[in-house]
Trainee: 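Right, I'll just put the structure down here and ask away after.
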Amino acid sequence: MPETIDIQLKKGVLGMCVLALLARSENYAYEIASELNTAIGMGEGTIYPLMRRMQSDGLVSTYLVESPSGPSRKYYRLTDAGKKALSDQRDEWRGFARAVDALLDAAPTSLEA
């Protein structure tokens, strides 16, 4: 069964959303996942592989912070390459969204099956 457009869109913008969250503040993966779940309904399981890939691609760096209630937490922050990637992706997304909006606005509002 094919994936819905909703799932495909979420997967396509997940990395950009993570970069945008990290541009606001450095954070640890569980908190990033919680914010993404609230904002766009993406679950925690997709975040950890993405964070590892972003780190190996040089978009984020990490550091450990001791936690008073458990093990140390690995925090993520944007690198200069991550900031540039976010800027580039934001520009691409906005151009793409404008183009899609123009197509949707030009379509008839009542479609018959």
Side-chain angles (χ1 to χ4, degrees):
M1 178 173 183
E3 292 180 320
T4 67
I5 191 169
D6 183 53
I7 292 170
Q8 293 172 14
L9 284 172
K10 287 176 184 179
K11 285 181 179 179
V13 299
L14 186 59
M16 180 176 59
C17 291
V18 169
L19 293 174
L21 288 174
L22 289 173
R24 288 193 285 174
S25 67
E26 299 171 2
N27 222 325
Y28 56 102
Y30 179 81
E31 187 60 32
I32 293 167
S34 295
E35 288 190 50
L36 288 171
N37 186 42
T38 300
I40 62 171
M42 284 304 283
E44 181 182 335
T46 58
I47 296 303
Y48 294 98
L50 174 63
M51 299 308 295
R52 282 191 297 276
R53 187 169 54 252
M54 292 175 95
Q55 185 176 4
S56 52
D57 290 347
L59 302 177
V60 299
S61 62
T62 62
Y63 60 96
L64 290 177
V65 173
E66 288 189 37
S67 172
S69 60
S72 297
R73 291 181 174 156
K74 183 190 287 189
Y75 274 72
Y76 294 86
R77 76 178 103 187
L78 287 183
T79 62
D80 288 340
K83 292 173 187 173
K84 169 101 171 74
L86 174 59
S87 177
D88 292 346
Q89 289 176 27
R90 181 185 292 140
D91 291 345
E92 286 181 50
W93 173 259
R94 288 186 174 148
F96 177 74
R98 279 191 301 274
V100 170
D101 285 341
L103 290 169
L104 293 174
D105 290 345
T109 55
S110 65
L111 301 173
E112 295 182 27

Trainee: Would you name the heavy atoms of Ala29 and Met51 that are closest together and state the gap between them?
Mentor: CB-CG, 4.4 Å
Trainee: Around atom OH of Tyr30, are there more than 12 heavy atoms from other residues, nucleotides or ligands closer than 6.0 Å?
Mentor: no
Trainee: Which of these passes side chain to side chain contact (heavy atoms under 4.5 Å, CB included) with Val60: Glu26, Gln55, Arg77, Arg52?
Mentor: Gln55
Trainee: Tell me if a side-chain donor or acceptor on Thr79 pairs with a main-chain N or O of Gly58 at a distance below 3.5 Å.
Mentor: yes
Trainee: Does Val65 reach the side chain of Ser72, with side-chain heavy atoms less than 4.5 Å apart?
Mentor: no
Trainee: So do the side chains of Glu35 and Asn27 get within less than 4.5 Å of each other, counting heavy atoms only?
Mentor: yes
Trainee: Please check if the number of heavy atoms outside Phe96 that lie under 6.0 Å from its CZ is greater than 12.
Mentor: no
Trainee: Determine whether Leu78 and Leu59 make a side-chain contact, defined as any pair of heavy atoms from C-beta on separated by less than 4.5 Å.
Mentor: no
Trainee: Of the non-hydrogen atoms in Ser67 and Pro71, which two are nearest, and what is the gap between them?
Mentor: CB-O, 3.3 Å
Trainee: Are Ile32 and Ile40 connected, step by step, through hydrophobic side chains (Ile, Leu, Val, Met, Phe, Trp, Tyr) whose heavy atoms are closer than 4.5 Å?
Mentor: yes
Trainee: Would you say Leu19 and Met54 make side-chain contact, with heavy atoms under 4.5 Å?
Mentor: yes
Trainee: State, yes or no, whether a side-chain contact exists between Val13 and Met16 at a heavy-atom distance under 4.5 Å.
Mentor: yes
Trainee: Do the non-hydrogen side-chain atoms of Ile47 and Leu14 ever get within less than 4.5 Å of each other?
Mentor: yes
Trainee: State plainly whether the residues Asp80 and Lys84 are in salt-bridge range, i.e. N to O under 4.0 Å.
Mentor: no
Trainee: Before you tell me yes or no, could you show the steps for Ile7 and Met42 under side-chain contact (heavy atoms from CB on, under 4.5 Å), namely the whole-Å CA-CA distance, both residues' side-chain angles and the distance that decides it to 0.1 Å?
Mentor: CA-CA 9 Å; Ile7 292 170; Met42 284 304 283; over 6 Å; no
Trainee: Tyr48, Tyr76: one ILVMFWY side-chain cluster at the under-4.5 Å cut-off?
Mentor: no
Trainee: Look at atom CG of Asp91 and say whether more than 12 heavy atoms of other residues, nucleotides or ligands are closer to it than 6.0 Å.
Mentor: yes
Trainee: Do side-chain atoms of Ser87 reach the backbone of Lys83 as a donor and acceptor pair under 3.5 angstrom?
Mentor: no
Trainee: Should the pair Asp57-Arg53 be classified as a salt bridge under the 4.0 Å nitrogen-to-oxygen rule?
Mentor: no
Trainee: Side-chain heavy atoms nearer than 4.5 Å, only ILVMFWY residues, links allowed to pass through others: does that put Leu86 and Trp93 together?
Mentor: yes
